[in-house]
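This report concerns only the one structure given below.
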There are 2 protein chains.
Amino acid sequence: MQPFDGLSEQHIGKILKARKRVIEAIGKNMDLYGITQSVGHLYGMLFFSEKPMTLDEMGKEMEMSKTSMSTGVRMLLDLKMVNKVWEKGARKDLYEAEADWHQTFTDYFGIEWRKAVEANVIALKRSAAELRQLQETEEGEGELREILSRDLEKIDGALSYYEWLDRLIDTLDSGKIYELVPKEKP
Amino acid sequence: MQPFDGLSEQHIGKILKARKRVIEAIGKNMDLYGITQSVGHLYGMLFFSEKPMTLDEMGKEMEMSKTSMSTGVRMLLDLKMVNKVWEKGARKDLYEAEADWHQTFTDYFGIEWRKAVEANVIALKRSAAELRQLQETEEGEGELREILSRDLEKIDGALSYYEWLDRLIDTLDSGKIYELVPKEKP
DNA sequence: AAGATCGTACAGAAAAAACTGTACAAACAA
DNA sequence: TTGTTTGTACAGTTTTTTCTGTACGATCTT
């Protein structure tokens, strides 16, 4: 992970143990970000690395194939949890962990939630329109009427929830969330 | 899913089509809640059902085993997305979808995020303590000093992020989030 | 130009997860 | 009591995901 030149075995051991605990905790809880424990572990490793790492170094450290490192890093790049580092005339690509976890958090949930909101709202609106049309063309039947209004009520409830969620996501995207819930303890 | 007594085939078809679109959209996007597409689908079905359902009814509707319904419902209960309904002298257990999606949202992320925060904070603090101790007992060595302060800085950064997240979760738990981001459009 | 090295696409192997059917304990009915 | 019925534990099967090794195009070196 890095050079421990001139440190006693004992010191190295203690440092690695402390890091390992954190790395494993991170790995275990990264499933909230929809990533594997391995990839979470990879992130944790990069987090503690003092200098950017190459795929080969990661593979050696994780005792996994370079291919897995490649796909893992790509996932982390997509999630903006890892950045590519440009170094003058370097043969290999270098990567480092994004240190700003607030940013990582808002990026991820901003993107994923928005995706879900958009897909669901489209479906809800389309179905609501269909049901409303049915409601208009068939004014008679009591039973039909009842079912339609019940379904539409549910759909409208869902839509109003998504409107709220959309506004919440806006606060993540814009950074306004940090005004509402300040980074520094009040 | 329910009785469509006295409705024309055509009407039933249109209603089911409208529901199906929504149910499938829900199923697809439920992975944010860490659940399978099948279980998401199950939730969607319960969402549109006008009366609480039994495991057998769910199994029939989903064309899946009762065992799967049992485990699926249990997951949804854990996430508080489904409620058990108590009916006078009923043989079978009855379940209904939680209709308040705001509540579902805050419950889920409240629970899951808190879990992650607690686990990670414990690890971070424990490791920080170890490193700080090492820092105190070994005042000399420059290289060791440097590594320790770098690691501790990273850990402190992470801890301050988790403090923020913890406060955000508090607003979910307490409902204060709805003051910060009102349910009704401003 | 040739030769070396890097990252990744792809196919197959290994591991994990989802799903099913059977079996059985608990709760109820007669 | 005995006979049903219900929910779930568990073992085995199927499906999905993760991981690996090989192969190859792209890029850099000489």
Side-chain angles (χ1 to χ4, degrees), chain A residues 23-24 26-46 49 51-79 81-96 112, chain B residues 23-24 26-46 49 51-79 81-96 112:
Chain A
I23 290 174
E24 268 163 21
I26 291 174
K28 267 191 198 107
N29 292 297
M30 277 291 211
D31 54 334
L32 282 174
Y33 288 88
I35 66 180
T36 298
Q37 185 154 343
S38 309
V39 179
H41 197 106
L42 173 61
Y43 174 83
M45 214 184 62
L46 285 168
S49 173
K51 53 178 182 31
M53 294 179 76
T54 68
L55 293 179
D56 286 307
E57 286 166 344
M58 297 176 210
K60 193 173 177 191
E61 184 88 13
M62 297 263 304
E63 299 182 15
M64 282 177 70
S65 71
K66 192 174 170 182
T67 305
S68 294
M69 296 304 101
S70 178
T71 59
V73 164
R74 204 126 35 90
M75 278 181 207
L76 292 170
L77 281 172
D78 286 346
L79 299 179
M81 289 178 173
V82 153
N83 301 311
K84 192 163 186 169
V85 178
W86 290 103
E87 200 161 301
K88 39 166 192 188
R91 305 269 305 154
K92 310 189 180 189
D93 293 356
L94 290 165
Y95 301 94
E96 69 182 2
E112 293 301 314
Chain B
I23 290 174
E24 269 164 20
I26 291 174
K28 268 192 197 104
N29 291 296
M30 278 291 212
D31 54 333
L32 281 174
Y33 288 89
I35 65 179
T36 298
Q37 185 155 342
S38 311
V39 179
H41 198 107
L42 173 61
Y43 175 84
M45 214 185 62
L46 286 168
S49 172
K51 54 180 182 29
M53 294 178 76
T54 67
L55 293 178
D56 286 306
E57 287 166 343
M58 297 177 211
K60 194 173 176 191
E61 185 88 12
M62 297 265 303
E63 300 182 17
M64 282 177 70
S65 73
K66 192 175 169 182
T67 304
S68 294
M69 295 304 101
S70 178
T71 58
V73 163
R74 203 125 36 90
M75 278 182 205
L76 292 170
L77 280 172
D78 285 347
L79 299 179
M81 289 179 173
V82 153
N83 301 311
K84 191 163 186 168
V85 179
W86 290 104
E87 200 160 300
K88 40 167 191 191
R91 305 269 304 154
K92 310 189 178 190
D93 294 355
L94 290 165
Y95 302 94
E96 69 182 2
E112 293 301 315

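Naming convention: chains lettered A, B, ... in sequence-line order (proteins, then strands); numbering from 1 in each chain.
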If you take all heavy atoms of [X] and [Y], which pair is closest and at what distance?
X	Y	answer
L79(A)	Y33(A)	CD1-O, 4.0 Å
P52(B)	E96(B)	CG-OE1, 4.2 Å
K66(B)	D56(B)	CD-OD1, 3.3 Å
V82(A)	L77(A)	O-CD2, 3.1 Å
K28(B)	D31(B)	O-OD1, 3.3 Å
S38(B)	M62(B)	O-CE, 3.5 Å

Next item on the list: Let me have a per-nucleotide readout for nucleotides 10-21 of chain C, 5' to 3', with B, S or -, counting only protein heavy atoms under 4.0 Å.
Entry: B-------SSBB

Margin query: Do I35(A) and L76(A) have side chains that approach each other closer than 4.5 Å (heavy atoms only, starting at C-beta)?
Written below: yes

Measure from [atom1] on [X] to [atom2] on [N] and round the result to the nearest Å.
X	N	atom1	atom2	answer
H41(A)	dT18(D)	NE2	P	17 Å
E57(A)	dG7(C)	CD	C1'	15 Å
K92(A)	dC6(C)	NZ	P	4 Å
K84(A)	dT8(C)	NZ	C1'	12 Å
Q37(B)	dT16(D)	CD	C1'	13 Å
D93(A)	dT8(C)	CG	C1'	11 Å
W86(A)	dT27(D)	CH2	P	11 Å
L55(A)	dT5(C)	CG	P	16 Å

Margin query: Looking at R74(A), I'd like to know whether one of its side-chain N or O atoms comes within less than 4.0 Å of OP1 or OP2 on dA9(C).
Written below: yes

Checklist line | Proximity to the side chain of R91(A) - top-ranked nucleotide from dT8(D), dG7(C), dC6(C) | finding: dC6(C)

Check: Of I35(A) and Y95(B), whose closest DNA chain D nucleotide lies nearer the 5' terminus?
Finding: Y95(B)

